[in-house]
Amino acid sequence: MARTVAGLMAGGYYAAIQLGPCKRPCKGTVIATGTAEEVERYWIPGEVCIGWYPNYEPIRRLSQEGLASARKKRLRRKLEKKFPLFADQFEEAEHRARPQFFDGVRD
């Protein structure tokens, strides 16, 4: 499966195939990721560009209580928008069907 540079999550170096001359930032299909040494072997002038993508934001994990609260609020918001008259009934049914999900338990 082809990945694009925009779809990369963690920081590091990448090599990407370019159509036409290399542009900054590189917008080609990613063929390799890793350290500078690992990516350097893929470099072909004018065809494969090498770039660096930083990721300064750490992944935020919600606590179990925070996750449960977010899931309940999201469900309520969706039901209120789609079924305003029956939101209470549908919400109760959904909580009964998947109690662990709405308690914030992760798989």
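- Shown here are the side chain to side chain donor-acceptor pair (under 3.5 Å) partners of Arg98, two or more places apart in sequence or in another chain: Glu94.
- Ring geometry for His95 versus Phe102: interplanar angle of 30 to 60°, hence tilted.
- Of all non-hydrogen atoms in Gly104 and Ala68, the two that sit nearest each other are N-CB, 3.6 Å.
- Under the side chain to side chain donor-acceptor pair (under 3.5 Å) criterion, Glu80 pairs with Arg76, sequence neighbours left out.
- Separating the CG atom in Leu79 from the CD atom in Gln89 is a distance of 11.0 Å, to the nearest 0.5 Å.
- The side-chain contact (heavy atoms from CB on, under 4.5 Å) check on Arg74 picks up Ala70, Arg71, Arg77, Lys78, with sequence neighbours excluded.
- One hydrophobic cluster, built from ILVMFWY side chains closer than 4.5 Å, cannot hold both Leu67 and Val105; they sit in different ones.
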